[in-house]
Amino acid sequence: MPVIHTATHLGYHPVFGSPTGKIATWYGVPNCFIKNIDGQWKYTSEINMPDSLSLYSQLGATPPPETWVMPTDDCNQLFDWDTGYINPSLVPFQMRRDLP
């Protein structure tokens, strides 16, 4: 289910800088996870994969350096079938939140 994002750069942003008034359009692909709960398929979560490079280039910003690499040398399951949650071992340490 592709998505088209459109925004106007109207306010200061620490990465994109002072407002430019530029209109940016970029695509994304949400990865939606569903689970069969009590015989009914239910939407459990979503991870959006936007084309960030397109956004950076349209606003004239330099993309940040790559800080992590998604593991591709094994076949770890992306999300848990029972809970619908993403496999915590695949979440980059910079993005992890300590949950109680």
Might you point out which heavy atoms bring L59 and A24 nearest each other, and give the distance in Å?
CD2-CB, 4.4 Å
Identify the heavy atoms of L53 and P63 that sit nearest to each other, and give their distance.
CD1-CG, 3.6 Å
Short question: side chain of S54, backbone of D51 - any donor-acceptor pair under 3.5 Å?
no
Check whether any side-chain heavy atom of V3 lies under 4.5 Å from a side-chain heavy atom of V29, and answer yes or no.
no
With under 30° as parallel and over 60° as perpendicular, where do the rings of W26 and H5 fit, or are they tilted in between?
parallel
Roughly how far apart are I23 CD1 and T6 OG1, rounded to 0.5 Å?
8.5 Å
Any side-chain heavy-atom pair from T44 and I34 closer than 4.5 angstrom?
no
What heavy-atom pair brings T8 and G21 nearest, and what distance separates the two atoms?
CG2-O, 3.6 Å
Taking all non-hydrogen atoms of both residues, which atom of Y12 and which atom of S18 are closest, and how far apart?
CD1-N, 3.7 Å
For Q58 and K22 the tightest heavy-atom approach is O-CD, 3.5 Å
What one should report as the nearest heavy-atom pair of I47 and F33 is CD1-CE1, 3.8 Å
